[in-house]
Amino acid sequence: MNPPVLDISGLSIRFSGRTDPVLALREVGLSVQAGEIVGIVGESGSGKSTLALAVMRLLATGASVTAGSVRFEGKDILALPEADMRKLRGAGMAMVFQDPMTALNPVLPIGTQMMDVLFRDPALSRADKRARAVAALKRVGLPDAEQQLGRYLFQFSGGMRQRIAIAMALLQRPRLLIADEITTALDVTLEAQILDLLRDLRDEIGCSILFISHNLGAIAAICDRTVVLYAGEVIEAGPTAKILGAARHPYTKALLACDPSRIEIPTRNLPVIPGEVPDLSAPPKGCIFAARCPAALSRCVTHRPVKSLVGRDHSVRCHLIEGAAE
Ligand code: SF4
């Protein structure tokens, strides 16, 4: 197998502020191969966005990497000078956020913002940049692309805004696209269109995609492999068909049981996972899910489970799983 485009190993991140430090990610590991779409799924607060921002090296002040590495095409991202990182963002890796109204600039026409993305390429004339922006908008399905360049974000619908954000992220044909909850604010029809668009663009450009979502339907529709995060830890990872069709970790099973699309009898009271995510300023000594786990054993409270392999490509962090320790 070729070396991965993205390789995260043992990544731990701590947030410090006025309160006790919070251990937002602990020993997170995952890889993304060329052309692969890898999903990250978990409840709010599981660390999905922190992970994405760490890859882009855009973490807020107060966040620090306490252990581990992030390698992009073999380069240690965490050790790169900021000037090199700036060159990498956009051309090497790009990110699309949940809300284009806050991620993009609402007081600049979209054409100006798109041409600004290309400002570092001295070989491109203004006309070239304009042509590239028009082509990108056409590619994501914006009608009358030439005329749209002078319009502002508020003049577009939610689905069109997200298409514009995707066009902007792909202007420099990055090798890795990070999509952070990009369909969360959209209805199911628009969501399906955006997922189709992402898949087509991956096939055209050949980029890899890190697809972050709490929506299991979206994960099922687009991801080759899926990583389940809970309270900052990877608790299960493997091919999407195995994670969604033959989950082994009690947390993944609980997530699936709460998925509205899998509930057979219509109800107004959607199931939830009882209990709360643990206080990450003082994570439990044993299993991170022990306080909410219906299958917990006494050793779950005292001993942290190791990551075990179930078969060749499916890993689970749970005492119930007897596999080869990874
Ligand atoms: Fe549940 Fe124990 Fe497995 Fe944790 S290690 S998920 S508490 S059974």
Side-chain angles (χ1 to χ4, degrees), residues 8-14 20-31 38-51 66-68 212-216 219-220 223 225-263 270-326:
I8 300 173
S9 175
L11 185 67
S12 298
I13 291 179
R14 182 177 56 202
D20 292 339
V22 169
L23 303 169
L25 292 183
R26 280 175 312 290
E27 298 170 36
V28 167
L30 64 93
S31 64
V38 174
I40 310 279
V41 70
E43 290 168 289
S44 295
S46 59
K48 306 186 295 295
S49 296
T50 300
L51 182 61
T66 56
I212 295 168
S213 181
H214 67 276
N215 180 341
L216 292 167
I219 293 276
C223 297
R225 283 191 300 120
T226 295
V227 174
V228 185
L229 264 188
Y230 176 72
E233 286 189 12
V234 174
I235 51 92
E236 185 158 15
T240 300
K242 285 190 184 168
I243 298 297
L244 302 187
R248 300 294 299 270
H249 194 282
Y251 174 66
T252 316
K253 290 180 186 174
L255 261 189
L256 290 165
C258 296
D259 180 8
S261 68
R262 287 163 196 263
I263 295 170
L270 289 174
V272 292
I273 304 175
E276 290 177 3
V277 176
D279 174 4
L280 294 183
S281 61
K285 189 172 160 212
C287 171
I288 193 79
F289 188 54
R292 303 171 80 186
C293 180
L297 312 165
S298 54
R299 74 186 143 123
C300 299
V301 180
T302 51
H303 293 82
R304 189 177 177 220
V306 296
K307 198 161 70 169
S308 301
L309 277 178
V310 185
R312 193 174 48 85
D313 51 8
H314 184 175
S315 68
V316 188
R317 193 183 276 277
C318 173
H319 285 306
L320 297 178
I321 307 302
E322 301 288 349
E326 208 183 61

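Note that these values count all heavy atoms, side chains included, but never hydrogens, waters or copies made by symmetry. A quick note: this is a predicted structure, and the numbers were derived from the prediction, not measured. Just follow the structure's listing: the first ligand is 1, and inside any ligand the first atom is 1.
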Under a 3.5 Å distance rule, please check whether K48 uses its side chain to pair with a backbone N or O of L229 as donor and acceptor.
no
By side chain to side chain contact (heavy atoms under 4.5 Å, CB included) - contacts of P239 (at least two apart)
K242, D313
Using salt bridge (charged side-chain N to carboxylate O under 4.0 Å, His left out) as the criterion, list what pairs up with D279, not counting sequence neighbours.
none
Atoms of type N, O or S from the protein that sit nearer than 2.8 Å to atom 2 (Fe) of ligand 1 number exactly 1
Any side-chain heavy-atom pair of Y230 and H249 under 4.5 Å:
no
Using a 3.5 Å distance criterion without hydrogens, assess whether the side chain of T240 forms a donor-acceptor pair with backbone atoms of A220.
no
With sequence neighbours left out, the residues meeting side chain to side chain donor-acceptor pair (under 3.5 Å) with R248 are none
Sub-4.0 Å atoms of ligand 1 with respect to non-hydrogen atoms of H249:
6 (S)
